[in-house]
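Below is one structure, written out as structure tokens, with a few remarks after it.
Every heavy atom of this structure was used, including side-chain atoms; hydrogens, water molecules and symmetry mates were not. As the structure is a prediction and not an experimental result, all values here were calculated from the model. The chains referred to below are lettered A, B, ... by the order of the sequence lines, with proteins before strands, and numbering in each begins at 1.
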Number of protein chains: 2
Amino acid sequence: MPERAVAGGKEKFVETPVESTRERLLNVAEQRFGEGGYEGTSLRAITVAAAANIAAVNYHFGSKEALLRAAVARAMAPVNTERRRRLDQLEARGGPSAEQVIRAFIEPGLDLVLRRGERGAVVARFIGRIAFDPSQRIRELYAAESDPIESRYLAALQSALPHASPEAVAFGYVNMLGLLALHQSQALSRAPGVDDAEDPGKLAENLVAFLVAAFDRGLRT
Amino acid sequence: MPERAVAGGKEKFVETPVESTRERLLNVAEQRFGEGGYEGTSLRAITVAAAANIAAVNYHFGSKEALLRAAVARAMAPVNTERRRRLDQLEARGGPSAEQVIRAFIEPGLDLVLRRGERGAVVARFIGRIAFDPSQRIRELYAAESDPIESRYLAALQSALPHASPEAVAFGYVNMLGLLALHQSQALSRAPGVDDAEDPGKLAENLVAFLVAAFDRGLRT
DNA sequence: GCATAGTTCAAACGGTCGTTTGAACTGGAG
DNA sequence: CTCCAGTTCAAACGACCGTTTGAACTATGC
């Protein structure tokens with residue numbers, strides 16, 4: 001690894017100013033896959049934008065799909081971590097409300113990812129786009145990253161809404177998942193500047209309020 | 001047009017038992033585009049399944065995108081007609097409730113299209129998939145078919161919810177649009193048989209109830 | 001019959017796709 | 001220095017893409 005010269009006992013802190021080829025590929029893949037989807041984005045478009053050779057993808061990742069898988073894993077990791085942290089915190093205090101659980105799910109997806117400048121929006125769009133890619137294969141690839149905490153959220157919602165049947169809670173959950181993804185991918189912002197160009201905090205508040213009302217009073221049975 | 005021999009004054013009622021090449025192409029395009037998306041579906045896959053020559057697409061439609069455009073127009077036409085009809089009927093009686101307006105929007109998308117056997121589900125999945133295709137170009141192509149009645153629904157929702165700001169009503173509308181599309185495309189049914197394999201009427205009722213609660217009590221400002 | 005417009009067909013066009021190859025380059029280890 | 005694993009590179013691979021061509025076929029109108 002000549003790139004990061006941190007081998008050996010001494011930390012040499014070369015502080016490479018430019019990202020490694022691998023990191024540049026992941027960054028550009030996030031952006032392009034988020035704009036054009038998986039099928040609609042070619043490896044050549046990615047490698048050109050990343051100033052890398054086309055063979056670098058297969059060298060660092062193995063295939064186009066493996067590149068996507070790595071990008072999804074990297075993008076979802078902080079979101080999953082934050083969701084777990086919030087859920088731990090809520091459950092430690094015991095008996096969280098539906099609003100608290102919903103907020104703990106939505107805000108890490110919009111907040112944490114939409115803040116910190118332009119890259120956050122890129123990551124959000126990437127996640128939202130991949131979550132509902134036309135190809136079932138790609139969707140499952142995303143689901144594999146999202147599933148592990150799904151059962152925890154389902155259980156938390158169920159205890160917050162004891163009157164609702166498990167089917168109704170699951171119905172609300174997938175609706176929440178879908179609406180979040182659509183807002184993340186910015187596919188719901190057709191009229192410019194109507195509701196999404198504003199700060200993500202406001203969008204998160206609107207979405208949480210929308211979902212809380214639906215969960216509290218909109219679940220049948 | 002040797003296919004349908006209905007020319008001349010006399011109706012000869014040849015009653016061609018098989019659909020025309022043009023119709024077969026539209027039918028298969030609905031199915032395949034709905035399964036794999038626009039970019040993920042090749043004209044060759046469509047023409048082979050339709051038992052047509054690859055050149056037939058460009059002969060009957062002009063291009064791949066024109067085929068999609070024709071398929072979208074054909075699939076949306078009855079939905080738009082039914083939505084207009086319901087809205088006319090509601091407005092004739094004056095002052096419809098939010099639930100009535102929401103129902104008039106959702107049910108034509110699920111009901112009318114999910115009933116009548118297997119083809120209905122194919123059309124629904126096609127519409128839902130195209131509505132949120134990764135390519136903005138494709139999404140706009142769908143929006144062009146859906147927009148004409150959008151303003152009418154926005155106005156009806158606004159009068160049913162006078163306390164809500166126009167921005168809030170628009171926010172609810174796009175959420176309704178998105179959730180409907182996701183259910184149409186069957187992208188929200190990951191666990192088999194949980195909530196979507198049931199009859200579409202139940203799904204429509206669940207979705208309407210979910211949205212009514214969100215509209216009535218979940219819109220901020 | 002012949003002419004004709006509509007439709008289908010096999011074949012090929014140039015281009016782009018994801019992937020692979022093998023050589024060239026890089027920089028620390030011995 | 002030599003060695004060597006890690007990385008980059010230009011080039012090519014076969015496959016598939018959407019589109020076009022021009023001839024062949026079909027059924028009607030004259």
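B:Thr21 has its side chain out of reach of B:Tyr59: every pair of non-hydrogen atoms, C-beta onward, lies at least 4.5 Å apart. A:Arg129 has its side chain out of reach of A:Tyr38: every pair of non-hydrogen atoms, C-beta onward, lies at least 4.5 Å apart.
Side-chain atoms of A:Lys64 lie closest to C:dG18 of the nucleotides D:dT19, C:dG18, D:dG6. Of the candidates C:dT19, C:dG6, D:dT7, C:dT19 carries the atom nearest the A:Asn58 side chain, counting heavy atoms from C-beta on. Side-chain proximity of A:Leu43 to the nucleotides C:dT19, D:dT8, C:dG6 is greatest for C:dT19.
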How does protein contact run along nucleotides 11-16 of chain D, one letter per nucleotide 5' to 3', with B for base contact, S for sugar-phosphate only, - for none, heavy atoms under 4.0 Å?
BB----
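Residue-level contact check: B:Thr41 touches the backbone only, with heavy atoms under 4.0 Å from sugar-phosphate atoms and none from bases.
Within the structure, a side-chain polar atom (N or O) of A:His60 is placed less than 4.0 Å from OP1 or OP2 of D:dT8. Residue A:Thr21 places at least one side-chain N or O under 4.0 Å from the OP1 or OP2 atom of D:dT8.
Taking the ring centre of A:Phe33 as origin, the terminal cationic atom of A:Lys64 falls outside the region bounded by 6.0 Å and 45° from the ring axis. In this structure, B:Arg83 forms a cation-pi arrangement with B:Phe105, its terminal cationic atom sitting closer than 6.0 Å to the ring centre and no more than 45° off the ring axis.
Judged by distance alone, the side chain of A:Arg103 and the main-chain N or O of A:Val208 form no donor-acceptor pair under 3.5 Å.
As a whole-Å value, the separation of A:Phe61 CZ from D:dT7 C1' is 14 Å. Nucleotide C:dA10 holds its C1' atom 17 Å from the OH atom of B:Tyr59, rounded to whole Å. At whole-Å resolution of the value, CG in A:Leu67 and P in C:dC17 are 15 Å apart. Taking atom CD of residue B:Glu19 and atom C1' of nucleotide C:dT8, one finds them 17 Å apart after rounding to whole Å. For the pair A:Glu39 CD and D:dG18 C1', the interatomic distance rounds to 15 Å; values are reported in whole Å.
Along DNA chain C, the nucleotide closest to A:Val57 and the one closest to B:Ala52 are compared, and the more 5′ of them pairs with B:Ala52.
Ion pair B:Asp88/B:Arg152 flagged as a salt bridge, since at least one NZ, NE, NH1 or NH2 atom sits closer than 4.0 Å to an Asp/Glu carboxylate oxygen.
Partners of A:Arg22 by salt bridge (charged side-chain N to carboxylate O under 4.0 Å, His left out), not counting sequence neighbours: none found.
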